[in-house]
Amino acid sequence: MAAPESGDGNNGAARMVTLISSDNTRFEVEAAAASLSQTLQLTILDGGGGGGDGIPLPNVDSATLSKVLEYCIKHAPAAANGGAPNATAVDRAELERFDNEFVNIDQSVLYSLIMAAHNLEIEGLQSLVAKKVADMIKGKSPMEIRRTLGFPDPTPEEQAEMNAHMLEYGWAYE
Amino acid sequence: MDGCINKQEDIDIKDYPAMMETSHSHVRYVSNNDSSSQEDEAGDKLSELPDDILVDIVGRLDLRTTVRAGAASRRWRHIPRLLPDLKIDVYELRPARPSPQSVDLALTAYAAATSWLLAPSTRRTIRTLVLSFYLIDPHLQTIGRAVEDVAERGGLEFLQFTMWTRPGSGDLDRDGESVGRLFMSFFDTYPTAFKCLTSLELEKIRFSESDISVLLNTCSKLRYLSLTECDSGPASHVKIDAPDSEICILKLQACGYRTVELVNVPKLAALYCTEWCGDNPPMRFGYVPCLKIISVSFACLVWQEPFKLSEWLPNCRNLYNLSLDFQDEKISWHTCNRNKCEDSAEKTNVPWDSSNFQHPSLTLLQIEGFAVEKTVMRYLRQLLCINPLFSVGNDGPLCHWFLLFVV
């Protein structure tokens, strides 16, 4: 039963795989998109995820998985084209626009996305979210970094440590 | 586990100055009292990300924020010193307000940043190190020692030095020799670092005659060398005899040499030579079997000897890209517009004689900065006849002729 399902479509129909989130929601997605995940790629190459089987992802909830797959579906054509060296400027600009909008999200989603990109080893998404966090804190002081990322208030000891750091590394604070 | 990194126990905690109990209260920070519990939760999570994700984030920051990020939370404290790839540029540390002390202040901060960021840790191996700094004592020694330690620990795959001279010390006759001595002493003092060096950019240095060959033979991994406004004395000649060198790309920009003789540079693939005002031809080729790209810009001034391209390049049989820029200087009646100079007309020091020009691999010949006239066109026609691969319909590499005429 799995064989015809997992075989590459002979009639041009793309092969589909099913991913199952931690809260048991099933997502059917093109194998090419799911294969952006290094973690899933081998399973998919081995024919997994087709038919009624589905690949369980116990660390990713449905809201996050849906967001991750949105990224994968958008980036799959370019990735299939070897990083799209021949992509037109318009295509590249469109992906860039998509990426910028994609990470314009609140911090709890950003956190889940970072962890999911990491667990699923989706290289482009890992870079995108890391860059987003870096851009959020660039040029800021330690206290501003804490606030931007919503860290809890520092304890008096932590506050003293930050002050000491500022004295010791004055050049980094000019 | 990693035999190279056993010099010192991980120093994350014990020497980190932020750990010092202090009663100093230059409190610039104020407490954040208005955060919602939801944000707190997300913030807690963000502060607790695994090390490799934090390294990925912090590795994308500028130098100053990198250091500050280490103070933002205890969890982040050791992250700047787990970065495997570091670029530390002295320009990032220039004081906001320029002053006569700017360079020294920047370099003081730079030496501190470098030795702090490069401190040993059992948990990382530094792979890439790109450093640009001023060639000024005594901070030079702090930087040198830090890099030497990294090199001795092993694992360094790419090391680049870009060394600037103190602004205002650009007079080679006045300062070049002392800067040259300082550089060579730096080179001698940190041999392990220089053995790992893959890329080097220098400016405004007067070398002694054998320095460049010694440098190339000793820095066994050096693949890229760029010299700007360097020489070995007024109107000097330099011979580069570096049989052990791996150098692939050599760039000479506005260097004051009369001639450069590449006696033996076995791996050299590309030679870029701009603003040449020495003898013609600007360089002589000995054993350079891998040389594929030559790009030279020279004015062929009236006092420079005429030379034939074909006699200049007999040892460069693998050339596939030759670019000559005559900087709008002449040929015949041409009046220069790019260099804002009226050139002496009727010059003959680029003899357009193609009788012996045979470079079967040549696919790109780019000549610019000269005026079109009959002899040039005749020369190009002759080239097409002499080099069989140039002719249309051959199976050889496709030929591209980029002739950028200035009229």
Side-chain angles (χ1 to χ4, degrees), chain A residues 59 64 105-119 121 123-174, chain B residues 16-33 35-36 38-47 49-50 52-77 93 95-97 105-106 108-110 112-113 116:
Chain A
N59 295 322
T64 310
I105 47 180
D106 73 49
Q107 273 176 24
S108 56
V109 183
L110 185 61
Y111 171 80
S112 308
L113 211 50
I114 291 172
M115 293 309 293
H118 186 66
N119 288 330
E121 294 178 68
E123 206 184 318
L125 187 55
Q126 285 177 292
S127 299
L128 180 62
V129 288
K131 183 175 176 300
K132 168 69 180 179
V133 179
D135 287 345
M136 284 162 68
I137 61 179
K138 242 172 220 174
K140 298 199 159 133
S141 71
M143 193 61 203
E144 287 165 344
I145 292 172
R146 291 186 72 100
R147 280 181 182 176
T148 303
L149 299 182
F151 292 6
D153 289 348
T155 61
E157 291 79 23
E158 283 177 316
Q159 182 74 64
E161 287 165 15
M162 283 194 283
N163 294 341
H165 188 275
M166 201 168 95
L167 284 179
E168 180 79 15
Y169 296 103
W171 52 266
Y173 292 85
E174 280 164 13
Chain B
Y16 193 85
M19 288 300 287
M20 295 185 303
E21 286 300 322
T22 175
S23 57
H24 295 117
S25 51
H26 290 228
V27 182
R28 194 166 88 175
Y29 310 119
V30 287
S31 289
N32 181 13
N33 293 322
S35 52
S36 72
Q38 198 182 1
E39 278 171 352
D40 272 355
E41 204 179 304
D44 273 341
K45 287 178 178 171
L46 279 173
S47 71
L49 288 167
D52 49 352
I53 296 181
L54 290 179
V55 164
D56 194 12
I57 293 169
V58 173
R60 294 163 193 272
L61 296 171
D62 60 288
L63 188 50
R64 280 194 170 105
T65 318
T66 298
V67 177
R68 293 176 199 172
S73 104
R74 286 183 169 169
R75 179 69 191 77
W76 286 40
R77 177 159 302 144
L93 294 175
R97 290 194 194 124
L105 288 174
T108 306
Y110 187 88
W116 187 71

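Note on naming: letters A, B, ... go to the chains in the order of the sequence lines (proteins, then strands), and numbering restarts at 1 for each one.
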Can you tell me how far the [atom1] atom of [X] sits from the [atom2] atom of [Y], to the nearest 0.5 Å?
X	Y	atom1	atom2	result
B/W76	A/I137	CH2	CD1	4.5 Å
B/R74	A/M162	CZ	CE	10.5 Å
B/I57	A/L149	CD1	CG	8.0 Å

- Query: In terms of heavy-atom pairs under 4.5 Å, which option from B/G59, B/A113, B/P95 contacts chain A the most?
  - Reply: B/A113

- Could you look at A/T148 and say if it's the side chain, the backbone, both or neither that has a heavy atom under 4.5 Å from chain B?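 Contact with chain B is absent: no heavy atom of A/T148 under 4.5 Å.
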
- Message: Between A/K140 and chain B, with a heavy-atom cut-off of 4.5 Å, which part of the residue counts as in contact: side chain, backbone, both or neither?
- Response: backbone

- Query: Do other residues, nucleotides or ligands put more than 12 heavy atoms under 6.0 Å from A/K138 NZ?
  - Reply: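 It does: A/K138 NZ has more than 12 such atoms within range.
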
- Should we say atom CD of A/E121 is surrounded by more than 12 heavy atoms from elsewhere, each under 6.0 Å from it? yes

- Task: Just say parallel, tilted or perpendicular for the rings of B/W116 and A/Y169, cut-offs at 30° and 60°.
- Result: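 The rings of B/W116 and A/Y169 sit tilted, inter-plane angle from 30° to 60°.
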
- Item | Step-by-step salt bridge (Lys or Arg N to Asp or Glu O under 4.0 Å) determination, A/E144 to B/R68 | CA-CA 10 Å; A/E144 287 165 344; B/R68 293 176 199 172; 5.7 Å; no

- Item | Under 4.5 Å from a heavy atom of chain A, the part of B/L93 involved |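 Side chain only.
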
- Item | Residue part contacting chain A, namely of B/A106, when any heavy atom lies under 4.5 Å |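 No part of B/A106 comes within 4.5 Å of chain A.
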
Close side-chain approach of [X] and [Y], heavy atoms under 4.5 Å:
X	Y	result
A/M115	B/I53	yes
B/D52	A/H118	yes
B/V67	A/Y173	no

- Identify the two heavy atoms, one from B/D62 and one from A/G139, that lie closest to each other, and give their separation to 0.1 Å. OD1-N, 3.9 Å

- Are the side chain of A/R146 and the backbone N or O of B/A72 linked by a donor-acceptor pair below 3.5 Å?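 Side chain of A/R146 to backbone of B/A72: a pair is present.
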
- Max heavy-atom pairs within cutoff under 4.5 Å with chain B, candidates A/S127, A/G170, A/S112, A/A117, goes to A/S127

